[in-house]
Chemist: 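Supplied in C-alpha cells, the structure appears directly below.
Residue numbers start from 1 in every chain, and the chains themselves are labelled A, B, ... in the order their sequence lines are given, proteins ahead of strands.
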Number of protein chains: 2
Amino acid sequence: MEKRRKVANPLGLAVLAELLTGPMHPYEMGRRLQEHGKDRNIKYNRGSLYMVVEQLRKAGFVTEQETVRDTQRPERTVYAVTAEGRHEVYDWMRELVGKPRHEYPHFGVGLSLLSVLSPAESVELLGRRLAALTEETDDIRATVRTTVEGGVPWVFLVEEEYRLALLDAERHFVTELIEYLKQPDYVQAWQDIFGEKT
Amino acid sequence: MEKRRKVANPLGLAVLAELLTGPMHPYEMGRRLQEHGKDRNIKYNRGSLYMVVEQLRKAGFVTEQETVRDTQRPERTVYAVTAEGRHEVYDWMRELVGKPRHEYPHFGVGLSLLSVLSPAESVELLGRRLAALTEETDDIRATVRTTVEGGVPWVFLVEEEYRLALLDAERHFVTELIEYLKQPDYVQAWQDIFGEKT
DNA sequence: TCTATCATGTAACCAGTTACATGATTTT
DNA sequence: AAAATCATGTAACTGGTTACATGATAGA
C-alpha cells in the first residue's frame with residue numbers, strides 16, 4: 001500500500017526545490033519558476049502557489065521564518081525548508097524519476113473515440129495536427145539552441161529534449177495513422193459499421 | 001479568444017459519445033467505459049461520473065429522459081443526448097484530434113529538477129525506470145495481441161498503439177540520458193556546482 | 001497628476017475524489 | 001441465514017482556479 005504524499009501537487013516539489021537554495025517569500029518562488037521556464041513542465045498560477053505553500057506548512061515541510069514589512073509592499077512572509085522538507089524532496093524525486101506513472105494525454109482521449117469521426121475527417125484533422133506538431137518542435141529547438149548559446153548547461157534543458165523526443169514520436173505515429181486511415185479497406189469498414197447517419 | 005467548454009472533463013466527452021448509441025443511465029455508461037478499457041485513457045471514477053452528467057445536464061447537452069424504478073434497485077435516471085450535445089461531441093473531437101495541447105507529464109517534472117540528484121543516483125534511478133518501461137511495453141503489446149485475436153478491429157486500439165509509440169520514445173531517450181550522465185565531464189561539472197553538501 | 005501596470009495577497013467559487021449509505025444477490 | 005459482494009447513488013471534503021483587492025511605481 002503506497003502512502004500518498006501529504007502534498008501531491010508538483011508545484012509543491014518545485015517550491016521545496018527552490019527553498020533548498022535558501023529561504024524566500026512566495027512571490028519570489030513564483031518569479032523564479034517562471035524565469036527558469038519551469039512553468040513549462042509544472043503547472044503554475046499564483047493562487048495555487050499560496051495554497052501549496054500553506055499545505056507544505058501544515059505538513060511540516062516548511063516553516064514561516066519571518067514576516068518582513070518594508071513599510072511599503074504588503075507584508076511578505078519568508079519561508080524556509082525544514083529537515084522533513086529536505087527529505088521529502090529527495091524521496092519525491094526518486095519516485096518521479098525511478099517509477100513511471102500512468103499518464104492521460106489529451107490526444108489519447110481523442111484517439112480512443114476516433115471512430116465517431118469519418119475517416120475523411122480524421123485524415124484532415126490529423127494533417128492539421130501534424131503541421132502544428134512540426135511548428136511546435138521547431139519552436140522548442142530554436143529556444144533550446146539560443147538558451148544553450150546563452151551559456152546555460154545542457155542538463156537544465158533535459159526536459160525540453162524529452163518533450164522533443166515525445167513530439168517526434170507522435171509525429172511519426174500520426175503520419176502512419178493517416179496512411180492507415182486512407183486505405184479503402186478501412187474506409188469501407190467504417191462505412192459498414194457507422195455509415196448510416198450521413 | 002478561445003471560449004472554454006461548458007464541461008471540460010474528458011469523461012464528459014466519453015459520456016456523450018456513449019449516448020450517441022442510445023439513452024442510458026449513468027451506471028451503465030460507467031460499466032461500458034470500463035468494459036471497453038476506455039478508462040485507460042480517460043480518468044474514471046463513479047463520483048466524477050455523476051458530477052459530470054449533472055454538468056452536462058445543466059449545459060443542455062443531455063436531458064433526463066425518464067426515471068425508471070424496477071421496484072428493486074435504487075431509482076435510475078435515464079439520460080439522452082440533445083442536439084447541442086451531439087454538436088458538442090463533434091466539435092470537441094475535432095479540437096482534440098486536430099490541435100495538440102500542452103501536456104504536463106510527470107516525468108517532465110522529475111527531469112526539470114534532475115540536478116538536485118547526484119549523477120550516480122540519477123543513473124541508478126533511470127535504470128530502474130527503464131526496466132519498468134520495458135515491462136509495461138510488453139504488457140500492452142500482449143494485451144493488444146490477445147484483444148485483436150479476440151476479433152476487435154484494430155481502430156479500436158489506436159490509443160494503445162499511441163501509448164506504445166510514446167513508451168518506445170521514452171525508453172530511447174532514457175537510455176541516451178543515462179549514457180550522458182555517466183560521462184566524467186558531467187559528473188565533474190555537477191560536483192563543482194552542487195557538490196558541497198555530500 | 002491621471003492612468004496604466006506591476007507587485008502582492010486573499011477569498012469565493014467550482015471541480016474532483018473519497019467516504020458513506022442502502023437494497024439485492026450470491027456464497028458459505 | 002449470516003457474511004460477503006454487487007449495484008447504485010449521495011454527500012462531505014479537499015484541492016485548484018478565477019476573480020477581486022490594494023498599495024506602488026512609471027508613463028502620458
Chemist: Could you tell me the separation between the CG atom of B:L49 and the C1' atom of C:dT18, rounded to a whole number of Å?
Modeler: 15 Å

Chemist: Distance check needed: C:dT17 C1' versus B:Y44 OH, whole Å only.
Modeler: 13 Å

Chemist: Answer whether the closest heavy-atom distance between the side chains of A:K6 and A:E88 falls below 4.5 Å.
Modeler: no

Chemist: Which residues pass the side-chain contact (heavy atoms from CB on, under 4.5 Å) test with B:V123, not counting sequence neighbours?
Modeler: B:I178, B:L181, B:K182

Chemist: Between A:R40 and A:E160, does any NZ, NE, NH1 or NH2 come within less than 4.0 Å of an OD or OE carboxylate oxygen?
Modeler: yes

Chemist: Output all residues satisfying side chain to side chain donor-acceptor pair (under 3.5 Å) with A:E121, sequence neighbours left out; order by chain, then residue number.
Modeler: B:R94

Chemist: Take A:E28 and B:R46, find for each the nucleotide of DNA chain C with the closest heavy atom, and name the residue whose nucleotide sits nearer the 5' end.
Modeler: A:E28

Chemist: Starting at atom CD of A:Q34, determine the distance to atom P of C:dA7, rounded to an integer number of angstrom.
Modeler: 10 Å

Chemist: Enumerate the residues from residues 16-27 of chain B whose closest heavy atom to DNA chain C is under 4.0 Å, giving them by residue number; use none for an empty result.
Modeler: none

Chemist: Suppose the criterion is salt bridge (Lys or Arg N to Asp or Glu O under 4.0 Å): which pairs have a residue in residues 139-151 of chain A, not counting sequence neighbours?
Modeler: A:R141-A:D168

Chemist: Rounded to whole angstroms, how far apart are OH on B:Y50 and C1' on C:dA19?
Modeler: 15 Å

Chemist: Got a list of protein N/O to nucleotides 11-16 of chain C N/O distances below 3.5 Å?
Modeler:
unit_1	atom_1	unit_2	atom_2	d
C:dG16	OP2	B:N9	ND2	3.4

Chemist: Using whole Å, report how far CZ of B:R32 lies from P of D:dT8.
Modeler: 13 Å

Chemist: Keeping the roles fixed (side chain from A:S112, backbone from B:K38), state whether a donor-acceptor pair exists under 3.5 Å.
Modeler: no

Chemist: Near A:E135 CD, under 6.0 Å, is it more than 12 heavy atoms from other residues, nucleotides or ligands?
Modeler: no

Chemist: Quick one: which residue pairs count as a ring-ring contact (aromatic ring centres under 6.0 Å, His included) with a foot in residues 96-155 of chain A, not counting sequence neighbours?
Modeler: A:H102-A:Y104, A:F107-B:Y162, A:W154-B:Y180

Chemist: Give the rounded distance in Å between these two atoms: CZ of B:R4 and C1' of D:dG16.
Modeler: 15 Å

